[in-house]
Each structure stands twice: as structure tokens, then as C-alpha cells.
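One-based numbering, in listed order, for ligands and for the atoms of each.
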Amino acid sequence: MSDHVAQSQPVLSMPSSVPSTLMPSSVTSKRHPCSSASVTYISRRKLVEVVDGLLGVMTPSSTHIKPSVHSFSDGPSDELCPYKAWLATCPSALASFDRIIASAQGKKIALFLDYDGTLSPIVNDPEKAFMSPEMRAAVKNVAKFFPTAIVSGRSRDKVFEFVQLKELCYAGSHGMDIMLSSADSESKTEDDKETKLFQPASEFLPMIIEAYDSLVEATRSITGANVENNKFCVSVHYRNVDKQDWNSVAQLVDDVLKSFPHLKLTTGRKVLEVRPVIDWDKGKAVEFLLQSLRLDDPESVLPIYIGDDRTDEDAFKVLRERNCGCGILVSQLPKQTQAFYSLRAPSEVMEFLDSLVRWKEQQQPAHVQE
Ligand SMILES: O=P(O)(O)OC[C@H]1O[C@H](O[C@H]2O[C@H](CO)[C@@H](O)[C@H](O)[C@H]2O)[C@H](O)[C@@H](O)[C@@H]1O
């Protein structure tokens with residue numbers, strides 16, 4: 001099977017309005033209140049300030065709403081219960097399941113799933129972010145009915161190692177490494193019967209390797225710092241670093257990046273992400289996948305993207321702006337988001353996937369199910 005690297009970027013139309021059937025019932029008659037967030041690219045000057053933000057002084061560019069000191073049992077009032085108030089604008093996808101399904105009537109659902117924090121719980125050691133066998137079974141089942149892609153910041157090989165399902169399509173390195181196989185395509189023509197790789201940042205590979213080596217060297221002295229090579233991007237983890245050293249990590253990354261003007265920084269969950277300056281992200285990857293898989297007709301396809309991180313906001317935004325699908329944010333805290341719905345944790349993601357399968361099975365004629 002030969003690898004074929006696609007050359008061209010898809011040209012996609014961008015309708016501007018959002019169909020009311022996709023919007024949570026609480027917001028159909030007014031402007032959606034969660035409309036300003038996207039992944040934040042950080043100038044190097046701002047990096048240390050951002051890490052200050054992570055330490056507790058929230059910066060204006062942060063997409064996270066400062067969590068309240070009140071717990072959910074503090075009282076019945078929404079003012080005292082920020083999560084409950086937030087649910088009014090970003091409702092639970094489980095509670096809104098019927099509404100989501102109603103918007104999928106007559107359409108094919110296409111699923112896009114982030115990995116860390118969505119299919120696997122966040123853990124201290126990135127090498128041990130395993131998904132449960134139950135979650136794997138849920139993803140396998142759902143993929144029997146709906147085209148399903150994993151869109152991750154991890155390298156494509158690494159995320160495949162975790163998921164281990166050949167029937168899915170994989171986009172690694174925040175969408176900068178996409179593999180399509182003939183099984184992914186709707187078309188069965190001979191031309192499609194090969195594996196296709198799309199790697200829009202391939203020319204940056206030597207630079208990323210060099211940056212990875214420099215970042216490993218620079219952070220060697222920081223206990224707990226961990227640099228992960230994600231092929232077309234690099235993650236500098238500070239989850240296991242003493243809080244008082246977080247600024248040092250940021251400063252060291254900043255210093256290294258002075259030698260790499262063609263690389264930029266984004267932030268994730270206790271991670272600094274170094275990636276090429278190209279205009280490509282998870283949102284662009286979703287557009288590319290929809291087009292490549294011939295799922296880009298909003299009249300016949302409802303894409304659903306589930307993710308937990310700032311980088312997933314680009315995908316939520318694309319679906320919102322393309323007027324064709326919905327994002328579901330996985331979060332236990334209120335956050336500004338472009339997603340329409342929310343789920344609290346990977347366990348609820350699994351429940352949602354199982355519900356999709358049950359719904360689809362109920363639609364099948366009895367003799368097909370047996
Ligand atoms: O796009 P994703 O699949 O969500 O990948 C984003 C990053 O996820 C991983 O880091 C996060 O999860 C780790 C394991 O739970 C956790 O230790 C870390 O603090 C989180 O940031 C992954 O290791 C990164 O390379 C990905 O970029």
C-alpha cells in the first residue's frame with residue numbers, strides 16, 4: 001500500500017448563521033452567549049504572563065472562567081452555583097440527547113473525538129493516559145454506525161497505540177498529520193483504495209526535532225518537567241513541576257523559542273505546546289476530513305466534535321461557523337466555549353457514545369439487529 005501525500009488544501013464554504021435546531025433550547029431566541037473563545041496563540045513576550053495566569057492571576061486572553069469558591073451544594077440559586085448557571089448556556093449533551101438526535105433526522109452523523117481528557121482521564125504521566133476497555137468498546141461500537149475520527153495533539157502513532165482501533169481515521173499533531181485509508185472514504189473507486197497521508201507541516205519536521213532536543217536540554221534541571229515529541233509539535237508538560245517553578249519552565253521555553261522564529265506557542269492543560277506557525281489547527285483538520293470523506297454536505301451530514309481542551313475550540317468554532325454541526329465540551333468547570341453542549345467527564349462521553357449506538361440500533365429493523 002503506497003503512501004500518497006495530498007498537495008492541496010480544501011476550499012470550503014462558510015455559511016454564517018447557526019441552525020436553531022442545533023442550538024440548545026435555552027438560547028435559540030437570543031444571541032449565544034459563548035461566542036468569543038478560540039485557541040490563543042501567544043507571543044513570546046506574553047508567555048510568562050500566561051503562566052502567571054495559570055498560577056491564579058487570570059489574564060484577559062485566558063478562555064477559562066475563574067472557578068468560584070462555592071461548591072455545587074452551596075445553595076439553590078444559580079448565582080451561587082456557576083456550573084448550574086453555565087449549563088443553561090452550554091447544556092449537558094446527555095440531557096439534550098433528544099434535541100441533538102432531532103437535529104440529526106435524515107442526516108448521517110460524523111463523529112470527531114479528541115483523546116486526552118475526552119476518551120481518557122487526565123493523569124500525571126502522559127505515557128499512562130490509557131483509555132479503559134469499556135471506552136474502547138464504546139468507540140468501536142459507535143464507529144460501526146458513524147464515520148469516526150480521532151483528532152489529537154499527540155503524534156498519530158502514539159494516539160493509535162492508545163486507541164488501537166483500525167477502523168477509525170486518525171489526525172495527530174493537532175491535525176497536522178492525517179491518515180485516511182480506503183475504508184474511511186465513502187467512495188469505493190480504485191483511486192481511493194490506498195492510504196493517504198496529509199501532513200501540511202512536513203517541511204517543519206527537522207526544525208521540530210531540533211526544538212525538541214533544545215527543550216529537553218533546557219528543562220533538564222527542572223524536576224518534573226517533561227518534554228513530549230508529538231512529531232509535528234512538541235509538548236512541554238509542567239503538571240508535575242512544583243508550582244514555584246512554573247515560571248522558570250515558561251522562561252526556559254521562551255528562551256529556546258528565540259532561536260525558532262517559525263515556531264509558535266499554544267497552551268493546554270498544564271502543557272505548553274510548541275508548533276509550526278502555519279495556519280492549521282484542529283478546526284482546519286475537521287474541515288479537511290469532512291471534505292476528504294465526502295461528508296461536507298450540511299444537508300446530509302451532522303458532524304459532532306467532542307473535546308476538552310483549548311485546541312478543540314478551533315474545531316467547535318468551525319462547526320458553529322459552517323452552520324453544520326455541534327461541539328461538545330468536556331469540562332467539570334464553567335468555561336467560555338464555542339461548543340453548544342457539554343459533558344462533565346470521559347465517563348459521560350462514554351454514556352453519550354453508548355446512547356448514540358442505542359438510538360441507532362432502535363432505528364434498525366428487527367431482523368437486521370438479530
Ligand atoms: O488533543 P489531545 O488528544 O487532548 O492532546 C492534548 C495533549 O494531551 C496530553 O497531555 C494532557 O494529558 C496528559 C495525560 O492525561 C496530562 O498529563 C497532561 O497534563 C495534559 O496536558 C499529551 O500528553 C499532550 O502531548 C497533548 O498535546
Side-chain angles (χ1 to χ4, degrees), residues 39-40 50-51 54 63-64 111-132 135 139 148-165 168-178 201 208 211-212 215-216 219 222 224-243 246 249-250 253 263-276 280-286 289 305-316 327-332 335 337 339 343 345-347 349:
V39 63
T40 312
V50 168
V51 173
L54 297 168
T63 57
H64 291 243
L111 270 178
F112 297 91
L113 306 170
D114 168 53
Y115 183 73
D116 288 280
T118 298
L119 298 182
S120 68
I122 293 294
V123 292
N124 285 341
D125 183 354
E127 292 301 309
K128 297 201 170 124
F130 305 114
M131 69 195 282
S132 67
M135 180 65 97
V139 176
T148 303
I150 305 290
V151 186
S152 173
R154 301 262 190 175
S155 74
R156 183 167 47 77
D157 288 349
K158 186 75 197 175
V159 77
F160 178 77
E161 210 177 296
F162 280 131
V163 178
Q164 292 171 24
L165 293 171
L168 311 183
C169 171
Y170 291 84
S173 306
H174 293 294
M176 288 182 282
D177 189 5
I178 299 178
I208 290 288
Y212 169 77
L215 289 164
V216 169
T219 56
I222 307 278
N226 176 12
V227 185
E228 185 181 3
N229 186 340
N230 287 329
K231 189 158 182 174
F232 294 109
C233 44
V234 179
S235 294
V236 182
H237 294 275
Y238 57 89
R239 181 172 295 279
N240 303 317
V241 172
D242 197 295
K243 248 186 186 182
W246 286 3
V249 176
V253 172
L263 300 180
K264 66 185 174 189
L265 273 170
T266 60
T267 57
R269 298 179 73 169
K270 298 210 168 49
V271 67
L272 301 171
E273 314 240 36
V274 175
R275 56 160 101 181
W280 196 264
D281 52 38
K282 287 184 172 185
K284 293 271 185 345
V286 166
L289 283 164
Y305 186 106
I306 312 181
D308 73 312
D309 215 341
R310 289 176 199 174
T311 56
D312 299 310
E313 290 294 332
D314 289 317
F316 299 153
I328 301 178
L329 175 68
V330 184
S331 178
Q332 295 193 340
K335 287 178 187 172
T337 181
L343 290 167
S347 56
V349 173

### Flag, side chain of D309 to backbone of T311, donor-acceptor distance under 3.5 Å
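No: the side chain of D309 does not pair with the backbone of T311.
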
### Message
With a cutoff of 4.0 Å, is K282 in contact with ligand 1, counting heavy atoms of the residue only?
### Response
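K282: in contact with ligand 1 (<4.0 Å).
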
### Message
Any heavy atom of G307 closer to ligand 1 than 4.0 angstrom?
### Response
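It does not; every heavy atom stays at 4.0 Å or beyond.
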
### Task
Identify, for atom 10 (O) of ligand 1, the protein heavy atom at the shortest distance, and state residue, atom and that distance.
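Of every protein heavy atom, H237 CE1, 3.4 Å lies nearest to atom 10 (O) of ligand 1.
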
### Query
To the nearest 0.1 Å, how far is atom 8 (O) of ligand 1 from its closest protein heavy atom, and which atom is that?
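For atom 8 (O) of ligand 1, the nearest protein heavy atom is D116 OD2, 3.1 Å.
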
### Message
Assess whether a salt bridge exists between D114 and K282, defined as any Lys/Arg side-chain N lying under 4.0 Å from an Asp/Glu carboxylate O.
### Response
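Result for this pair is yes, salt bridge flagged.
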
For [atom], the option (of [options]) bearing the nearest heavy atom:
| atom | options | answer |
| --- | --- | --- |
| atom 6 (C) of ligand 1 | R310, R269, E273 | E273 |
| atom 19 (O) of ligand 1 | E127, R239, K158 | R239 |
| atom 17 (O) of ligand 1 | V123, D114, L113 | V123 |

Does any N/O atom on [X] come nearer than 3.5 Å to any N/O atom on ligand 1?
| X | result |
| --- | --- |
| A129 | no |
| D312 | no |
| E228 | yes |

For ligand 1, the portion of [X] having any non-hydrogen atom under 4.0 Å away:
| X | answer |
| --- | --- |
| I122 | both |
| S120 | neither |
| S152 | both |

### Message
Under 4.0 Å from a heavy atom of N124: which atoms of ligand 1 are those, numbered in the order shown and with their elements?
### Response
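Counting atoms of ligand 1 from 1, those under 4.0 Å from N124 are 17 (O).
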
### Query
Can you list the ligand 1 atoms lying under 4.0 Å from a non-hydrogen atom of N230?
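It comes down to these atoms of ligand 1: 25 (O), 27 (O).
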
